[in-house]
Amino acid sequence: MTTEVTPEGAGWAYSGLRVVTLAPGEEIVLETGDAETLVLPLAGACAVTVGVPADDVAVTFELHGRRDVFSRVTDFAYAPREASLVLASRDGGRFALPSARCERRLAPRYGPAEDVPVELRGAGQMSRQVNNFCTPEAFEADRLIACEVLTPGGNWSSYPPHKHDEETATEAVLEEIYYFEVAGAPDGGAGMGYQRVYGTAERPIDVLAEVRTGDTVLIPHGWHGPSMAAPGHDLYYLNVMAGPGAERAWLICDDPAHAWIRGTWPDLPADPRLPMSSAAGPEEER
């Protein structure tokens, strides 16, 4: 296991993430415990067997996956709480397992890549692609909200900075994990990006972190953004969110100091490099 974020380790109550790497032919067995869990291929394909003893259910999903996070939108599998997971990969690969502690036990399901809504958000150098594979409008879950963001090199995303740490009519309390992968240099050198998180006087937090492939940033509260893609290095991040609200809703509040930037978007062209991918694969390969 290359990454493991648990609610206990993060010091919060709901959101979790595991990233596992399988060698060719390797198989691992995991338990979901009290958390609903997705299996999301980052690189490679796998078979996922979900067993739910309490419901006398066992089902296997063949995930076609992808070459890497920039190559295409991927399919995925959903496993409920109180289930076992068996992951097996003929050729090996890397797989993310975002999770959220929850109350309801839903049925295991397959999420086709073709059904993932792809959204182009922002404009100009704030343009990015959002793959809304497990957002409230796209896929049913009890508490888990998850999406992928692809940002072309040189652009800023998660901008304007925003937060979701208060329960109001326009904001929800959501703990958030950012998991990053960064496109490398032509010679194989590692790429980098940056992530900003800052708080309020009442709840201070101050993070400006260089991020590379495999890094995570935890956001228990506060304003977060921008996520900065260095020129020449496309940036990917997986967002994992969950919280205590009765409604599974992704409601945010922009930092008032920067909210005006949204008003500039209608006058700016979209980045011509977007969309970077779809369920069919990279734009340049079609």
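A heavy-atom distance below 4.5 Å is not found between the side chains of Cys253 and His162. A heavy-atom distance below 4.5 Å is found between the side chains of Leu106 and Glu140. No side-chain heavy atom of Phe180 sits under 4.5 Å from any side-chain heavy atom of Thr216. Proximity of Thr74 to His64: side-chain heavy atoms (C-beta onward) are nowhere separated by under 4.5 Å. With contacts defined as side-chain heavy-atom distances shorter than 4.5 Å, the pair Trp250/Cys147 qualifies. At least one side-chain heavy atom of Leu17 sits under 4.5 Å from a side-chain heavy atom of Pro98. Contact of the Tyr179 side chain with the Thr3 side chain is registered, since non-hydrogen atoms from C-beta on lie closer than 4.5 Å. Residues Pro220 and Ile205 have side chains in contact (heavy-atom distance under 4.5 Å, counting atoms from C-beta outward).
Note: the hydrophobic cluster containing Ile219 also contains Val149 (ILVMFWY, side chain heavy atoms under 4.5 Å, direct or indirect links). Under a hydrophobic clustering in which Ile, Leu, Val, Met, Phe, Trp and Tyr are joined whenever their side-chain heavy atoms come within less than 4.5 Å, directly or via other members, Val130 and Tyr236 fall into different clusters. Residues Phe70 and Val116 are members of one and the same hydrophobic cluster, defined by side-chain heavy-atom contacts under 4.5 angstrom among Ile, Leu, Val, Met, Phe, Trp and Tyr.
Arg109 forms a cation-pi arrangement with Tyr78, by the criterion of a distance under 6.0 Å to the ring centre and an angle within 45° of the ring axis.
Atoms CG and CZ, from Asp142 and Arg104 in turn, are 4.5 Å apart once rounded to the nearest 0.5 Å. Separation of atoms CG (Asn131) and CD (Glu148) is listed at 5.0 Å; rounding is to 0.5 Å. Taken to the nearest 0.5 Å, the CG atom of Leu38 stands 4.5 Å off from the SG atom of Cys134. Rounded to the nearest 0.5 Å, atoms NE2 (His221) and CG (Leu174) are 14.5 Å apart. Put simply, OH on Tyr194 and CG on Leu208 are 8.0 Å apart, with the number rounded to the nearest 0.5 Å. The distance from the OG1 atom of Thr170 to the CD1 atom of Ile252 is 10.0 Å, given to the nearest 0.5 Å.
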Quiz item: Please walk me through it: do Arg18 and Leu30 pass side chain to side chain contact (heavy atoms under 4.5 Å, CB included)?
Solution: CA-CA 11 Å; Arg18 289 176 282 190; Leu30 302 167; 3.9 Å; yes
Quiz item: Can Leu85 and Glu31 be said to form a side chain to side chain contact (heavy atoms under 4.5 Å, CB included), step by step?
Solution: CA-CA 6 Å; Leu85 281 173; Glu31 300 292 329; over 6 Å; no
Quiz item: Between Ile177 and Trp12, is a side chain to side chain contact (heavy atoms under 4.5 Å, CB included) present by the stated rule, with each step listed?
Solution: CA-CA 11 Å; Ile177 302 166; Trp12 56 34; 3.7 Å; yes
Self-check item: Phe133/Leu40 under side chain to side chain contact (heavy atoms under 4.5 Å, CB included): CA gap, chis, key distance, verdict
Solution: CA-CA 10 Å; Phe133 68 96; Leu40 180 80; 4.0 Å; yes
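For the pair Lys163 and Asp165, the tightest heavy-atom approach, listed with the atom from each and the gap, is NZ-OD1, 2.8 Å. Across every non-hydrogen atom of Phe95 and Pro41, the tightest pair is CD2-CA, 3.6 Å. Here the closest non-hydrogen pair linking Ser157 and Thr151 is OG-OG1, 2.8 Å. Taking all atoms of both residues into account, the shortest heavy-atom contact from Pro266 to Gly263 is CD-O, 3.4 Å. Nearest approach of Val20 to Leu97, heavy atoms of both residues: CG2-CD1, 3.9 Å. Here the shortest heavy-atom pairing between Pro269 and Ser127 reads O-OG, 4.4 Å.
Although no hydrogens or angles enter the test, the distance criterion places a donor-acceptor pair under 3.5 Å between the side chain of Glu175 and the main chain of Ala13. Side-chain atoms of His258 do not come within 3.5 Å of backbone N or O of Pro256 as any donor-acceptor pair. In this structure, the side chain of Arg143 engages the main chain of Gly245 through a donor-acceptor pair within 3.5 Å. A distance-only check finds a donor-acceptor pair linking the side chain of Ser15 to the backbone of Ala242 [under 3.5 Å]. A donor-acceptor pair under 3.5 Å is formed between the side chain of Thr32 and the backbone N or O of Glu82. The backbone N or O of Pro80 sits nowhere less than 3.5 Å from a side-chain atom of Glu36 that would complete a donor-acceptor pair. Between the side chain of Ser89 and the main chain of Leu22, no donor-acceptor pair closer than 3.5 Å is present. For the pair Arg66 (side chain) and Arg72 (backbone), a donor-acceptor distance under 3.5 Å is present. When atom types are taken as modelled, the side chain of Asp271 and the backbone of Arg273 share a donor-acceptor pair closer than 3.5 angstrom. In this structure a side-chain-to-backbone donor-acceptor pair under 3.5 Å is missing from Arg128 to Gly122.
Ring centroids of Phe76 and Phe139 are separated by less than 6.0 Å, placing the two rings close together.
A donor-acceptor pair shorter than 3.5 Å can be found between the side chains of Asn132 and Glu119. If you check the side chains of Ser158 and Tyr237, you find a donor sitting under 3.5 Å from an acceptor. Side-chain contact of Glu176 with Asn239: a donor-acceptor pair under 3.5 Å is present, judged by distance alone. A donor-acceptor contact closer than 3.5 angstrom is absent between the side chains of Thr37 and Ser99. Between the side chains of Gln195 and Ser227, a donor-acceptor pair is found at a separation under 3.5 Å. When only modelled atom types and interatomic distance are considered, Tyr198 and Asp255 share a side-chain donor-acceptor pair under 3.5 Å.
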With a cut-off of 3.5 Å and sequence neighbours excluded, list every side-chain donor-acceptor pair involving residues 44-59.
from  : atom 1 : to     : atom 2 : distance (Å)
Thr49 : OG1    : Thr60  : OG1    : 2.8
Asp55 : OD1    : Arg105 : NH2    : 2.9
Asp55 : OD2    : Arg105 : NE     : 3.1

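Contact check on Asp34 versus Arg81 returns no salt bridge, with no Lys/Arg side-chain nitrogen under 4.0 Å from an Asp/Glu carboxylate oxygen.
Not counting sequence neighbours, the partners of Thr213 by the side-chain contact (heavy atoms from CB on, under 4.5 Å) test are Glu181, Val182.
Classified by interplanar angle (parallel below 30°, tilted 30° to 60°, perpendicular above 60°), the ring pair Phe61/Tyr110 is parallel.
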